[in-house]
Novice: 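Here you go, one structure.
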Amino acid sequence: METGDCVGGGGKRLNPDTACGQFQAIFGQFFENENVFLFSKGRACLYAILRACGMKSADEVLIPGYTCVVVPSAVINAGAIPRYVDIDPRTFNLSLDSIQKAVNSHTKMLLVQHTYGIPCELDAIREWAREKRIAVVEDCCHAVGSRYGEGLCGTWGCASFFSGQWNKPFTTGLGGMLLVRDEPLAKAVAQVIEREIVRPGWTFDMTIRLQTQIYEILSSPRMVPLLTVIYRFLSNYGVMVGSSDACELKGQIPKRYFMEMSRAQARKGIVEMKALQENLDHRTRIAAYYQDQLSSAGIPVYEPADKEHPVFVRYPVRVEKKAELLEMAFRQGIEIGSWFESPLHPIQTGLEQFGYVRGSCPEAEKASQQAINLPTHRKITMTEAERIIQFLRKSAQFIDR
Ligand SMILES: *Cc1c(COP(=O)(O)O)cnc(C)c1O
């Protein structure tokens with residue numbers, strides 16, 4: 001039995017009577033874009049767009065040296081070469097300046113990632129890329145609702161993609177949403193899908209359904225640190241659908257890599273889209289509280305530049321002794337996260353398999369040693385946010401000033 005019905009040819013609307021068709025429609029409405037393609041994970045969106053752009057073996061894609069390992073692995077799986085760009089320490093994003101240092105005659109695509117929800121300097125980057133005839137794709141996995149000037153992140157590049165993984169702005173119990181802005185590219189994506197897509201089986205669909213329910217029940221902030229450990233353990237042993245297969249972290253292509261979204265994922269997506277504004281408002285309120293409290297405690301925080309209007313998926317803070325601080329938070333049941341733990345999160349060794357040379361992105365390496373992040377999701381009540389701030393104030397000796 002097959003449970004997928006999400007393949008949309010050329011941005012063609014899916015059957016509106018199906019969960020995938022409905023999710024496609026509301027997701028597209030939010031971004032005012034009809035070319036929406038739905039996959040089982042965010043990385044499949046990136047793979048689709050790379051294949052649709054016809055990457056050849058010497059073609060290079062510029063990506064931040066501060067990302068998830070599944071990003072360079074999608075580039076490699078699609079037959080191209082990832083080239084790493086260092087980040088701006090203020091925004092954790094690549095900047096026009098760092099991009100210009102990394103570009104060469106093989107560069108075919110530029111992947112701009114709005115890290116933590118902080119928008120990249122999209123106008124300058126897009127203008128520059130247009131002149132150089134380099135395609136800009138936005139990695140919006142952290143950035144639903146963030147704006148640069150008036151424009152929503154996800155509406156600037158020739159394509160943009162989103163993830164519905166557990167820790168992202170909203171979850172579809174893993175999932176990926178791809179927006180394509182131009183018609184010929186949308187047609188090319190549809191052709192790639194026609195040739196290569198895998199349909200989700202009922203076990204995948206069932207597992208997702210179960211996991212979303214368990215997640216809903218157990219994801220109170222005090223449980224999260226412990227659950228993360230258990231989840232990683234179980235998915236390593238194949239009991240749960242993990243974010244990544246063990247083989248994937250070693251640079252291999254897992255089975256069922258390029259899979260369409262399942263019904264259970266789409267159903268979750270519909271529910272989440274209906275509550276989206278509330279979700280974004282909540283995140284904005286909690287992040288404003290963190291910003292206010294931390295800066296009045298003299299702790300340095302991100303200062304938005306003109307035009308940067310982030311909605312934070314997690315709120316970043318730099319600390320001195322990150323490992324000790326995370327350990328203390330874990331013991332006290334405080335939900336503090338750590339993205340990214342290395343330039344190619346979460347792997348700590350073997351980065352060279354993905355073409356990353358140690359020392360090549362010094363700011364990214366420094367950020368991965370220093371940055372912790374604070375949750376902004378709906379289970380974080382004001383009381384919980386206060387508890388997190390109190391914890392950080394007490395741990396002031398660990399914080400970089
Ligand atoms: C999570 C994430 C991805 C990949 O999303 P999946 O749905 O897990 O494939 C890509 N880029 C960034 C920046 C992410 O945080």
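Counting starts at 1 for both ligands and their atoms, in listed order. The analysis underlying the following values was restricted to heavy atoms, covering all of them including side chains, and did not include hydrogens, waters or symmetry mates.
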Novice: Donor-acceptor pair, distance only, cut-off 3.5 Å: does the side chain of His142 make one with the backbone of Gln113?
Specialist: no
Novice: Does some non-hydrogen atom of Ser243 fall short of 4.0 Å from ligand 1?
Specialist: no
Novice: Below 4.0 angstrom, N of the basic side chain to O of the carboxylate: do Glu248 and Arg43 qualify?
Specialist: yes
Novice: Tell me whether Ser244 reaches ligand 1 (any heavy atom closer than 4.0 angstrom to a ligand atom).
Specialist: no
Novice: For atom 15 (O) of ligand 1, grab the closest protein heavy atom and report residue, atom and distance to one decimal in Å.
Specialist: His142 NE2, 2.7 Å
Novice: Is Phe161 close to ligand 1, meaning an N/O of one under 3.5 Å from an N/O of the other?
Specialist: no
Novice: So, regarding Gln113 and ligand 1 (criterion: nitrogen or oxygen to nitrogen or oxygen, under 3.5 Å), is there a contact or not?
Specialist: no
Novice: What atoms in ligand 1 come closer than 4.0 Å to a heavy atom of Val70?
Specialist: 4 (C)
Novice: Tabulate below the donor-acceptor pairs under 3.5 Å that side-chain atoms of residues 150-159 make, not counting sequence neighbours, or state none.
Specialist:
residue	atom	partner	partner atom	Å
Thr155	OG1	Leu152	O	2.6
Trp156	NE1	Gly151	O	3.2
Trp156	NE1	Leu152	O	3.4

Novice: Can an N or O of Arg43 be found at a distance shorter than 3.5 Å from an N or O of ligand 1?
Specialist: yes
Novice: If the cut-off is 4.0 Å to any non-hydrogen atom of Val71, which atoms of ligand 1 fall inside it?
Specialist: 10 (C), 11 (N)
Novice: Quick check on contacts: which atoms of ligand 1 are under 4.0 angstrom from a heavy atom of Gly175?
Specialist: 7 (O)
Novice: Could you tell me whether Arg378 and Glu272 make a salt bridge, using a distance below 4.0 angstrom between a side-chain N and a carboxylate O?
Specialist: yes
Novice: Between Lys101 and Asp86, is there a salt bridge with N-O shorter than 4.0 Å?
Specialist: no
Novice: Before accepting this row, confirm whether a basic side-chain N of the pair Asp281/Arg285 lies closer than 4.0 Å to the acidic partner's carboxylate O.
Specialist: no
Novice: Give the C-alpha distance, both sets of side-chain angles, the deciding distance and a yes or no for side chain to side chain contact (heavy atoms under 4.5 Å, CB included) between Leu110 and Val85.
Specialist: CA-CA 10 Å; Leu110 166 64; Val85 181; 5.5 Å; no
Novice: Of Arg314, Gln165, Lys168, which has the heavy atom at the shortest distance from atom 1 (C) of ligand 1?
Specialist: Lys168
Novice: Mind telling me whether Tyr66 and Phe92 have parallel, tilted or perpendicular rings, with 30° and 60° as the class edges?
Specialist: parallel
Novice: Number the atoms of ligand 1 from 1 as they appear, then name those within less than 4.0 Å of a heavy atom of Ser163, with their elements.
Specialist: 5 (O), 6 (P), 7 (O)
Novice: Polar-atom distance check: Asp139 versus ligand 1, any N or O pair below 3.5 Å?
Specialist: yes
